[in-house]
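Structure, as structure tokens:
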Amino acid sequence: MIKPSLPQGTRDFAPQIVRRRQYILKTIASVFEVHGFQPLETPAMENLDTLLGKYGDEGDKLIFRILNNGLDNPAKRSQSLEAFEQVLNGQGSKSLTERALRYDLTIPFARYVAMNHGQLSFPFKRYQMQPVWRADRPQKGRYREFWQCDADVVGSASLLNEAELIQIYREAFRRLGISVDVRINNRKILAALAESCNASEKLTDITVAIDKLDKIGIDKVMEELEQRGLDAGNRERVRAYLLIDGSTDERLDRIEQLLGHTGSGRQGVQELRWLAGFLRTSEGSYPFSIDFTLARGLNYYTGTILEVKAIGVSMGSIGGGGRYDDLTGLFGVPGIPGVGISFGVDRIYDVMEETGAFPASLGVSTRALFFNLGEEETRYAWTAMLELRAAGIPCELYPEAVKFDRQFKYAEKKGIPAVVIAGSEEMSKGVFRVKILSSGTQTECGAEELETILSQAS
RNA sequence: GAGGGUGUAGCUCAGUAGGUUAGAGCAUCAGAUUGUGGUUCUGAGGGUCGUGGGUUCGAAACCCAUCAUCCUCCCCA
């Protein structure tokens, strides 16, 4: 016998947890739908080629690869050995692995758009809610299998799409009862910073370092920049960049002074200024802040970048996204811009668990348990249940004629609010005895009244 | 990839100057109570102390290894 266990970083979801997860998924999906997004699903596995090189070197290492079948085929022995040899030398090998589990939902979507751009009408707005897999080291809020909910708009360069996606964040988190801060930056500004340092090739080094500002402080960031080969003059330039503060408008003014001399800087500021202005003057208030230190690692972002953090909870980001001007270009279809966001369902769950944001009513759906009192009684109960179920009231009959104690405890544990008892006494009178468990009150009623009584039971 | 914590009953955990039969609460099951649950009372079952090796007269405890899990860094949702 083997001890049953789960692969690291994966989890089973008990009934109650599934209900809560479904509550999150349904809430997000309905927000997507009400904004005109359409559902899409893609396979759990993709060709390895589709995924490799899209997430950076680190990302490539975290992709779960699927071993090819038939490697033990004696006829292919030498081929398999050779393939393994290649892997040992740090090269990939198609004859060993050519498929992988998807790492996110954006690249599979890009692949889909590239394959179907002839049929799609643009702008194409899709949402997708499926699990993704990463060979990361599990820790708090980090799993190897987790769900993402993505919404992307492709085929439109309008910043109105950004505004709409932020509106989706606002509405979804409002409905879920999580207070959030949506941090916004623009990749062009980061690029302008690197450019103004005459170090465009160090864009990644610079962004990785400044992203850590609130974690390690400005001095450590400077140290790290030095290690990454940035000279003193440029470090001062980055320092000035990081020290920008004040109101949103003041900060936008200052960043323009600092980086407005570059084309990308001017453009980035302009985009941010428009977006911030739009969000402020449109209906309602939006929980966003401009944050020039926000970097985000994914290398395909080219414009706006977003990240969502829950306020008052120690947890990594619960959502993120950004604009990519040419995502499908990687798949041979250039010129389709897009912008998208992602919700991290598992982290949202953890946050809601921590803040007690789940509604109490997510318990059991069964409204009534019919007691099993024997063969004749079962037929009597069965008929009544058919009607209730047809009326949409979930109910169940205990499958065995065991003593009351057992049947009561079953209802109790499952959180069923009412039990229906119909034995020979009730049958002879043609009635049902309904007991509400929370209050202990019992009433006798006819079959037609059951529906009313049970739909009110709580 | 680097570092740290923890592995004892189904669950949460006690249990070391190494000592004979390893405990508690909760949960489960049975009975008090064959048509009335929750509360209460009585009783029962359930542990190769993660695994392997070592030290010792003797190891759940000390040492080494290994596995699992949690956490931190990196990176991310």
Side-chain angles (χ1 to χ4, degrees), chain A residues 1-11 14 24 28 55-63 102-106 129-150 169 180 204 207-209 211-212 215-216 220 224 294-299 301 305-310 314-322 340-351 369 371-374 377 398 401-427 433-442:
Chain A
M1 191 199 80
I2 52 148
K3 205 173 168 182
S5 65
L6 242 34
Q8 189 179 39
T10 67
R11 299 150 300 158
I24 295 172
I28 294 171
Y55 310 107
D57 291 342
E58 285 299 311
D60 281 356
K61 286 184 200 160
L62 300 180
I63 294 172
R102 71 168 160 254
Y103 177 92
D104 72 354
L105 302 178
T106 307
M129 309 198 299
Q130 289 187 282
V132 302
W133 293 270
R134 295 184 189 177
D136 220 342
R137 197 99 181 222
Q139 52 184 278
K140 186 181 181 187
R142 174 173 302 184
Y143 307 97
R144 290 186 147 183
E145 177 185 63
F146 61 97
W147 280 59
Q148 292 190 327
C149 299
D150 276 30
Y169 268 145
V180 297
T204 309
T207 54
V208 164
D211 191 38
K212 297 178 187 168
K215 221 173 212 172
I216 62 178
K220 293 272 182 188
E224 187 158 339
L294 175 64
R296 292 191 63 77
L298 298 173
N299 16 20
Y301 291 129
I305 47 182
L306 309 164
E307 194 159 291
V308 187
K309 293 222 31 157
S314 163
M315 176 69 67
S317 62
I318 57 176
I341 55 168
S342 182
F343 289 80
V345 177
D346 302 78
R347 285 186 178 175
I348 290 171
Y349 182 97
D350 291 345
V351 167
L369 175 72
F371 273 23
N372 189 322
L373 303 181
E377 292 87 341
Y398 198 85
V402 294
K403 60 183 189 178
F404 270 44
D405 186 69
R406 289 287 296 251
Q407 306 198 43
F408 265 118
K409 280 179 177 157
Y410 175 80
E412 184 84 32
K413 263 193 213 152
K414 207 166 164 183
I416 300 171
V419 301
V420 180
I421 303 169
S424 50
E425 253 180 70
E426 288 81 8
M427 283 168 69
R433 178 174 294 273
V434 181
K435 177 162 182 171
I436 308 298
L437 291 191
S438 57
S439 60
T441 56
Q442 298 189 45

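So that the names make sense, note that chain A is the first sequence line, chain B the second, and so on, each numbered from 1.
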Inset, instruction - Considering just the side-chain nitrogens and oxygens of A:R406, establish if one lies under 4.0 Å of OP1 or OP2 belonging to B:rA30. - result: yes
Inset, instruction - Verify, without hydrogens or angle tests, whether A:Q407 (side chain) and A:V402 (backbone) share a donor-acceptor contact under 3.5 angstrom. - result: yes
Legend entry - Nucleotide of B:rG35, B:rA77, B:rU69 approaching A:E425 most closely (side-chain heavy atoms): B:rG35
Inset, instruction - Give one of base, sugar-phosphate or nothing for A:G59, where a contact means two heavy atoms less than 4.0 Å apart. - result: nothing
Inset, instruction - Return no unless some side-chain N or O of A:Q8 is found under 4.0 Å from OP1 or OP2 of B:rA68. - result: no
Inset, instruction - Answer with yes or no whether A:K403 presents, from its side chain, a donor or acceptor under 3.5 Å of a partner atom in the base of B:rU34. - result: no
Legend entry - Pairing partner (Watson-Crick or G-U wobble, both distances under 3.5 angstrom) of B:rA2: B:rU72
Legend entry - A:F404 ring over B:rG37 six-membered base ring, under 5.5 Å and 30°: no
Inset, instruction - Return no unless some side-chain N or O of A:K413 is found under 4.0 Å from OP1 or OP2 of B:rU28. - result: yes
Legend entry - Among B:rA2, B:rG38, B:rC74, the one nearest A:R142 by side-chain distance: B:rC74
Inset, instruction - Would you please confirm or rule out a distance under 4.0 Å between OP1 or OP2 of B:rU72 and any side-chain N or O of A:Q139? - result: yes
Inset, instruction - Compare the minimum distances between each of B:rC76, B:rG38, B:rU36 and the side chain of A:I421, then state the nucleotide with the smallest one. - result: B:rU36
Legend entry - B:rA27: syn or anti, per glycosidic angle within 90° of 0: anti
Legend entry - C1' spacing across the pair B:rG10 / B:rC41, given as an integer number of angstrom: 24 Å
Inset, instruction - Looking only at side-chain atoms of A:R433, point me to the closest of B:rG35, B:rA77, B:rC70. - result: B:rG35
Inset, instruction - From the options B:rU36, B:rG1, B:rC76, select the nucleotide whose nearest atom is closest to the side chain of A:R137. - result: B:rG1
Inset, instruction - Have a look at A:G141 and say if it touches a base, only the backbone sugar-phosphate, or nothing, with a 4.0 Å heavy-atom cut-off. - result: base
Legend entry - Nearest-angstrom distance, P atom, B:rU51 to B:rC67: 15 Å
Legend entry - Polar side-chain atom of A:Y55 near backbone of A:Y103 as donor-acceptor pair, under 3.5 Å: no
Legend entry - Pairwise P distance for B:rA14 and B:rG7, with rounding to whole Å: 7 Å
Inset, instruction - Mind checking A:V208 for me? I need base, sugar-phosphate or nothing, with any heavy atom below 4.0 Å counting as a touch. - result: sugar-phosphate
Inset, instruction - Considering only atom P, compute the distance from B:rC64 to B:rG3 and round it to an integer number of Å. - result: 16 Å
Legend entry - Distance, C1' atom - from B:rG45 to B:rA30, rounded to whole angstrom: 10 Å
Inset, instruction - Go through the N and O atoms of the side chain of A:E426 and the base of B:rG35, and report whether any donor-acceptor pair is under 3.5 Å. - result: yes
Legend entry - Nearest heavy-atom neighbours spanning A:R11 and A:L6: CA-CD2, 3.8 Å
Legend entry - Donor-acceptor side-chain pairing of A:D136 and A:Y143 below 3.5 angstrom: no
Inset, instruction - Indicate yes or no: at least one non-hydrogen side-chain atom of A:R102 is less than 4.5 angstrom from one of A:Q130. - result: yes
Inset, instruction - Determine the interatomic distance between C1' on B:rG4 and the same-named atom on B:rU21; round to the nearest Å. - result: 38 Å
Inset, instruction - Please determine, for the side chain of A:D136, which listed nucleotide (B:rG38, B:rC75, B:rC76) has the closest atom? - result: B:rC75
